Amino acid sequence: MSILAFPSPSLQIDGALLVKQLHELGEIGADPEVGGRTRIALTDDERAGRDLVVKWMRELDLDVGFDRIGNIFGTLRSDSDDGSRRPLMMGSHIDTVKNAGALDGCYGVLAGLAVVRAFRAAGTKPARSITVAAFTNEEGIRYQPDMMGSLVYAGGLSVEEALDTVGIDGTRLGDELSRIGYAGELEPGAIVPHEYLELHIEQGPILEAENIRIGVVESLKGISWQRITVQGNANHAGTTPTRLRHDAGWVAAAVQTFLRELAVSAGTTLATIGMLHIEPNVINVIPRKAVFTVDLRDPDELRLQDAEHRLAAFLVEVAEKEGVKISTERLVRFEPVVFNAQLADAIEASAEKMGFTHRRMTSGAGHDAQMIARIAPAAMIFVPSRGGVSHNPREHTDDGQLVDGANVLLDVVLKRLAA
Ligand code: GLV
Ligand code: MN
Ligand code: MN
């Protein structure tokens with residue numbers, strides 16, 4: 001740690017406690033075999049994570065509330081709070097992908113609590129109420145779309161539609177939310193933030209490679225998710241000549257190769273097939289069916305549209321050539337977002353004041369800030385990720401870097417409260 005100027009002589013981040021809580025939350029859903037932890041939205045393990053965060057909110061004597069989509073809010077009220085002034089909000093998520101690191105999302109929520117704790121420890125109240133949010137189902141691996149809690153909160157999806165979402169395991173989201181006891185009564189969006197700040201690990205390689213301490217995130221990429229189903233014909237692997245095959249597995253592989261070439265030629269576009277399922281999935285049978293997902297991302301909306309169009313044209317071409325049927329289902333579509341310039345300037349000024357190297361950047365990961373930016377000025381702060389690794393048990397950021405990021409967050413909060 002190389003803090004040259006702390007945010008305020010009286011308000012301090014308790015870095016040791018922040019790191020301890022990250023470890024403690026990270027124990028929930030731990031997988032000793034594969035590594036990491038798995039706390040998929042609205043499962044029993046995620047409920048245990050929620051319970052712990054809510055316990056910590058109550059220990060800080062925050063006003064704790066849940067909305068109908070299960071978002072969790074803990075508010076430290078200002079003395080003058082009569083409900084008419086919007087709170088400053090910090091937040092992120094505590095759900096995870098499979099075998100995840102301990103930091104993705106959890107860092108932003110627990111650093112928000114560390115900021116609130118600094119006020120409590122100093123015995124002062126903020127000039128404006130501060131709310132820490134943990135949004136439901138940011139990862140979107142069980143129920144799509146991702147960033148669902150913050151999307152509903154921002155009015156981009158009705159709560160009824162979200163509750164009716166059926167997951168990849170056939171469960172209804174609303175039933176699971178009630179089952180784990182987090183179907184709250186607040187209407188999503190009832191608390192409109194004055195401003196929103198999200199601290200997060202970078203999940204990419206840039207800060208580490210450039211030896212930079214703080215990322216000032218000024219934009220996020222657009223995200224396009226689809227599910228593609230290829231219907232071919234099963235047949236005997238040993239007797240069916242290649243020219244007579246309608247091989248759904250081969251078509252899936254051809255799409256994957258096409259997407260890699262598209263990504264390489266487009267430069268900024270990223271393309272991933274993360275889920276692939278073939279039937280009957282047997283060694284000596286030509287696959288009759290392939291179902292796979294496509295994740296496309298680009299910082300530029302027109303280039304993202306171009307990638308979608310090129311993929312659609314390729315699907316028509318390959319279906320015709322191979323004699324298969326291809327259908328597509330849209331799962332997620334978010335346009336790129338440019339964050340609030342004033343907040344980005346404030347983050348940059350705090351990093352500069354505290355003596356941390358910093359740079360402006362964009363990110364390709366989905367974040368709740370992307371949704372909240374629809375209803376309030378928003379921006380994000382990044383700290384480095386070792387090796388650029390995330391969505392992986394090896395995700396790591398040094399403790400000192402985590403504490404530095406929380407100190408920047410506290411400094412920005414203090415500045416915005418004074419503005
Ligand atoms: C969530 O982390 C995503 O970017 O998909
Ligand atoms: Mn995240
Ligand atoms: Mn994630």
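Keep in mind that what you see is a predicted model, and the values were worked out from it rather than measured. Numbering starts at 1 and runs along the sequence shown. Start at 1 and go down the list; that is how both ligands and their atoms are numbered.
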Seminar exercise, completed: Of all the N, O or S atoms in His200, the one nearest to the Mn ion (ligand 2) is NE2
For this session: Taking the Mn ion (ligand 2) as the reference point, name the nearest N/O/S atom of Asp104.
Result: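 This residue's closest N, O or S atom turns out to be OD1.
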Problem set entry | pair Glu308-Arg330: side-chain heavy atoms closer than 4.5 Å | yes
Exercise. With a 4.5 Å heavy-atom cut-off, do Arg172 and Leu163 have their side chains touching?
Worked result: yes
Number the atoms of ligand 1 from 1 as they appear, then name those within less than 4.0 Å of a heavy atom of [X], with their elements.
| X | answer |
| --- | --- |
| Trp225 | 5 (O) |
| Ala365 | 4 (O) |
| His391 | 1 (C), 2 (O) |
| Gly366 | 3 (C), 4 (O) |
| Arg297 | 3 (C), 4 (O), 5 (O) |

Problem set entry | Side chain, backbone, both or neither: Gln203 near ligand 1, heavy atoms under 4.0 Å |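 No part of Gln203 comes within reach of ligand 1.
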Exercise. Does His367 approach ligand 1 within less than 4.0 angstrom via side chain, backbone, both or neither, non-hydrogen atoms only?
Worked result: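 No part of His367 is near ligand 1 at this cut-off.
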Exercise. Of the backbone and side-chain N, O or S atoms of His93, does one lie nearer to the Mn ion (ligand 2) than 2.8 Å?
Worked result: yes
Exercise. When you measure from atom 2 (O) of ligand 1 to every protein heavy atom, which one gives the shortest distance, and what is it?
Worked result: Glu139 OE1, 3.0 Å
Distance from [X] atom [atom1] to [Y] atom [atom2], nearest 0.5 Å?
| X | Y | atom1 | atom2 | answer |
| --- | --- | --- | --- | --- |
| Met380 | Ser219 | CE | OG | 11.5 Å |
| Thr257 | Phe314 | OG1 | CZ | 8.0 Å |
| Tyr107 | Ile381 | OH | CD1 | 8.0 Å |

Exercise. Any side-chain donor paired with an acceptor under 3.5 Å for Thr43 and Asp45?
Worked result: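 There is no such pair between these side chains.
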For this session: Give a yes or no on whether the ring-centroid distance for Phe339 and His367 is below 6.0 angstrom.
Result: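 No, too far apart.
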Problem set entry | Name, closest N/O/S atom of Glu139 to the Mn ion (ligand 3) |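 Nearest to the Mn ion (ligand 3) within Glu139's N, O and S set: OE2.
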Exercise. With respect to Glu335, which candidate in Glu301, Gln370, Gln305, Lys221 satisfies the side chain to side chain contact (heavy atoms under 4.5 Å, CB included) definition?
Worked result: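 For Glu335, the side chain to side chain contact (heavy atoms under 4.5 Å, CB included) check succeeds only for Glu301.
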